[in-house]
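Here's the structure, in C-alpha cells; my notes come after.
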Amino acid sequence: MWFVTLLLLIVILGIIILVHEFGHFITAKKSGVHIYEFSIGMGPIIHTKKGKDGIDYNIRAFPIGGFVSMAGEVYEDDGKISPDKFLCNKRWYQRLMILGAGVFNNFVMAFVFLLLIALLWSPTPVKPVLGEIEIESAAYEAGLQAGDEIIAINGKKVSSWDVAQIYLYYKSETGVYDFKVKRNGDEKNISVHPKTVKEEDEERVVFGFKIKANEETGFLASVKYAWQKFWTIIQSMMVTLGGLFTGKLSVSALSGPVGMYQVVGESVKYGLSQMMYLVALLSINVGFLNILPFPAFDGGRIFFMIIEKIKGSKINPKLENTMNNVGFILLMILMIYITFQDIIKLF
C-alpha cells in the first residue's frame with residue numbers, strides 16, 4: 001500500500017509540475033525565446049531525450065519541482081545565441097506572460113478539476129452554514145443551531161468554510177471561541193468552549209456541528225461552485241500566510257513531501273472525488289506560492305519587472321540573480337525543516 005501511495009504522490013506532483021512548467025515552456029517558445037532544457041523534477045537526470053527542436057527534455061530524480069531553462073533569464077549569458085532570442089531582451093509584456101503562464105495553467109487546471117467534481121458528485125458547500133448539531137456537544141450547549149451562518153470567529157470575518165476551518169484551527173488562549181452568526185436575519189454572538197480530544201498523542205478541539213449539505217445542482221450551479229471554491233481556497237491560503245506572519249500558526253502547521261504522502265494516503269480511502277479535490281488543492285497551492293513576490297518564485301521575478309517598469313530602467317542583473325539564488329537557498333532550508341518536522345510527527 002505504501003508503494004501505491006508513493007506512486008500516486010509522484011504522479012500527482014508530476015502532473016501539477018508538468019502543467020506549470022508547460023505554461024512557461026509554450027509561451028516562451030511562441031515568443032521566440034531560446035530554450036535549453038525542459039525538466040520535470042530536480043537533482044540528477046534519470047532520463048533525457050534531445051528533441052528535434054534541439055531542446056533537452058529531462059526527467060530528474062526528485063519530484064519536488066521542475067524548470068524551463070531559457071536563454072537570458074536575467075541577462076545575456078550565451079555568446080552563441082542571437083540577442084533577440086534572450087528572455088531579458090523580449091518586450092515587457094512578453095516576459096510578464098512567460099513568467100505568469102505557469103501560475104495561470106495551475107489555476108485553470110484546478111478550476112477544471114473543481115468543476116468536474118461538482119458535475120460528477122455533490123460538492124461540499126462553500127457558504128459557512130451549520131447543518132446538524134450533535135446533542136450535548138459544545139456547540140449544542142452554547143446555543144448554536146442548524147441553519148446558523150457563521151460570519152465571524154474570534155473577531156475574524158468568515159466568508160467560507162475553508163476560512164472558518166483555519167480560524168477554528170487557531171489555538172484560543174482562553175479555550176473559548178466567539179462565534180458571530182446570522183440567524184433569521186439577525187446577528188447573534190455565541191461563545192463556544194469546545195471539548196478537547198486526544199488522538200494518537202495529538203490534541204484536537206471538537207465543536208460538535210456539521211456542515212449543511214449542498215442543495216444546488218446542475219451545470220450553472222457547478223460552475224458557480226467551482227468559481228467560489230477556487231477563490232475561497234485562495235482566501236484561505238492568504239489567511240494561513242497571515243497566521244504564519246502573526247504567529248497564530250506555526251511553521252509546523254505546514255506540510256512537506258512526507259506530510260503530503262500522508263494526505264494522499266488518507267485521500268485514497270475516500271475515493272476518486274477526494275483525490276481530484278486534492279489535485280485541485282495542490283495545483284492552487286503551487287500557483288499561489290509561485291505568484292508570491294519572493295525571490296526564486298515567479299512572483300519574485302514579476303515583482304522585479306514591476307519595479308523595472310516603475311523606475312524606467314532595468315534592475316542590476318547581478319543583484320537580481322544573487323537575490324534569486326539566496327531565495328532558492330532559503331526555500332530549500334525551509335523545505336528541509338518542514339520535512340524534518342513531518343518525520344518527527346510520525347514517531
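Model, not experiment: these values are computed from the prediction. Hydrogens, waters and symmetry mates play no part in the numbers below; they use all other heavy atoms, side chains included.
A search for side-chain hydrogen bond (donor to acceptor under 3.5 Å, both in side chains) contacts involving Asn325 returns nothing, not counting sequence neighbours. In terms of the salt bridge (charged side-chain N to carboxylate O under 4.0 Å, His left out) criterion, Glu134 has no residue partners (sequence neighbours excluded).
Residue pairs meeting the salt bridge (Lys or Arg N to Asp or Glu O under 4.0 Å) criterion with at least one partner in residues 23-40, sequence neighbours excluded, are Lys29-Asp53, Glu37-Arg60.
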**OP:** Could you check Ile98 against Val68 for side-chain contact (heavy atoms from CB on, under 4.5 Å), going step by step and ending with a plain yes or no?
**Re:** CA-CA 11 Å; Ile98 292 167; Val68 178; over 6 Å; no

Original post:
Asp178 and Asn189: side-chain contact (heavy atoms from CB on, under 4.5 Å), yes or no, with the steps?
Top reply: CA-CA 7 Å; Asp178 295 318; Asn189 294 305; over 6 Å; no

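Using bins of under 30°, 30° to 60° and over 60° for the plane-to-plane angle, the ring pair Trp227/Phe111 lands in the perpendicular bin. The aromatic rings of Phe209 and Trp161 are tilted relative to each other, their planes meeting at an angle between 30° and 60°.
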For residues 179-186, which side-chain N or O atoms pair as donor and acceptor with protein atoms under 3.5 Å away, sequence neighbours left out?
| unit_1 | atom_1 | unit_2 | atom_2 | d |
| --- | --- | --- | --- | --- |
| Arg183 | NE | Asp148 | OD1 | 2.8 |
| Arg183 | NH2 | Gly143 | O | 2.9 |
| Arg183 | NH2 | Asp148 | OD2 | 2.8 |

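The closest donor-acceptor contact from the side chain of Asn58 to the backbone of Thr48 lies at 3.5 Å or more, if one exists at all. Judged by distance alone, the side chain of Glu73 and the main-chain N or O of Met70 form a donor-acceptor pair under 3.5 Å.
His20 has its ring centre no less than 6.0 Å from the ring centre of Phe22. Residues Tyr177 and Phe207 bring their aromatic ring centres within 6.0 Å.
With a 4.5 Å cut-off between side-chain heavy atoms of Ile, Leu, Val, Met, Phe, Trp and Tyr, the cluster of Met97 takes in Tyr93. Grouping Ile, Leu, Val, Met, Phe, Trp and Tyr residues whose side-chain heavy atoms lie under 4.5 Å apart, directly or via other members, places Ile315 in a hydrophobic cluster with Phe303, Phe304, Ile307, Leu319, Met323.
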